Amino acid sequence: MTIASNLQTVQARIAQACHSAGRPSDTVKLLAVSKTFPPESVVQAADCGQRDFGENYIQEGVEKIATLAHRGLVWHCIGPIQSNKTRLVAAHFDWVHSVDRLKIAQRLSEQRPPEVAPLNVCIQVNIDGGAGKAGVAPEEALVLAQEVAVLPRLRLRGLMTIPEPSDDFATNLAVHRQTKALYDQLCASGLVLDTLSMGMSADLEAAIHAGSTLVRVGSAIFGGRTAA
Ligand SMILES: *Cc1c(COP(=O)(O)O)cnc(C)c1O
């Protein structure tokens, strides 16, 4: 299968899921997760009109961003960020989905170059409490979101989550609905949010049913990853 035909298949899945959830299909954005794949793969997807790309590994992402700077793409950091990598992230990415500590958010805000737009940020939530998993605990998400929202060089956009993988639709739906409920609670508290980043290749239908506004899809577009 080619990247072009895979992209069409994923777009059709998104459209179908929106249709059966009674949502307009332009309410869900597709983020193509290009981690471990070379710039040529990104170019193939970009030639089909895909604009948003996600990277997990900072160094790898920064290299691709530099190689493809002339293409005008939008780059999302979706992987764990250590303190010593915040400067690179702040300088090169447009979005960060994986903020789960105030200290990282403060560094990103301080290091965001003044000549570019504020960095778009989502708070990563460990919604199902998996031990050792990245993400803030759900009961701490509101306080962290309020602290991040006032940082001058960040623009808080919403929440991101990576639940335990399951091949059962109902199980995925139930977990995704917990994240949606938390997102609604943050909105009700007065935060202005527009992004619920949840759903991947295997569970995007359940995520869209629960209210996802952005699905992060890697293997269904680019193929299986040998090293990840
Ligand atoms: C790798 C990754 C994805 C994409 O996963 P697929 O199963 O390949 O679609 C999405 N989100 C995050 C945070 C990832 O690390």
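Just so you know, these numbers come straight off a predicted model, no measurement behind them. Indexing begins at 1, ligand by ligand and atom by atom, following the structure's order.
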Q: So between Lys35, Met200, Arg216, whose heavy atom ends up nearest atom 14 (C) of ligand 1?
A: Lys35
Q: Give the residue, atom name and distance (to 0.1 Å) of the protein heavy atom nearest atom 9 (O) of ligand 1.
A: Ser201 OG, 2.5 Å
Q: With a 4.5 Å limit on heavy-atom distance, are the side chains of Arg216 and His97 in contact?
A: yes
Q: Closer than 3.5 angstrom, by distance alone: can the side chain of Arg153 be matched with the main-chain N or O of Pro113 as a donor-acceptor pair?
A: yes
Q: Enumerate the atoms of ligand 1 whose separation from the nearest heavy atom of Val217 is less than 4.0 angstrom.
A: 9 (O)
Q: Which residue and atom name correspond to the protein heavy atom nearest atom 13 (C) of ligand 1, and how close is it?
A: Ile162 CD1, 3.4 Å
Q: Quick one: look at Asn56 and ligand 1, take heavy-atom pairs under 4.0 Å, and tell me if it's side chain, backbone, both or neither.
A: side chain
Q: Is Asp184 salt-bridged to Arg177, cutoff N-O under 4.0 Å?
A: no
Q: Going by distance alone, is a donor N or O of one side chain under 3.5 Å from an acceptor N or O of the other, for His209 and His176?
A: no
Q: What residue among Glu60, Glu55, Gln50 forms side chain to side chain donor-acceptor pair (under 3.5 Å) with Ser34?
A: Glu55
Q: Would you check whether Gly218 has a nitrogen or oxygen atom less than 3.5 angstrom from a nitrogen or oxygen atom of ligand 1?
A: yes
Q: Return the closest protein heavy atom for atom 12 (C) of ligand 1 as residue, atom name and distance.
A: Ile78 CD1, 3.5 Å
Q: Yes or no: does His97 have any heavy atom under 4.0 Å from an atom of ligand 1?
A: no
Q: Is there a donor-acceptor pair closer than 3.5 Å between any side-chain N or O of Thr86 and the backbone N or O of Ser83?
A: yes
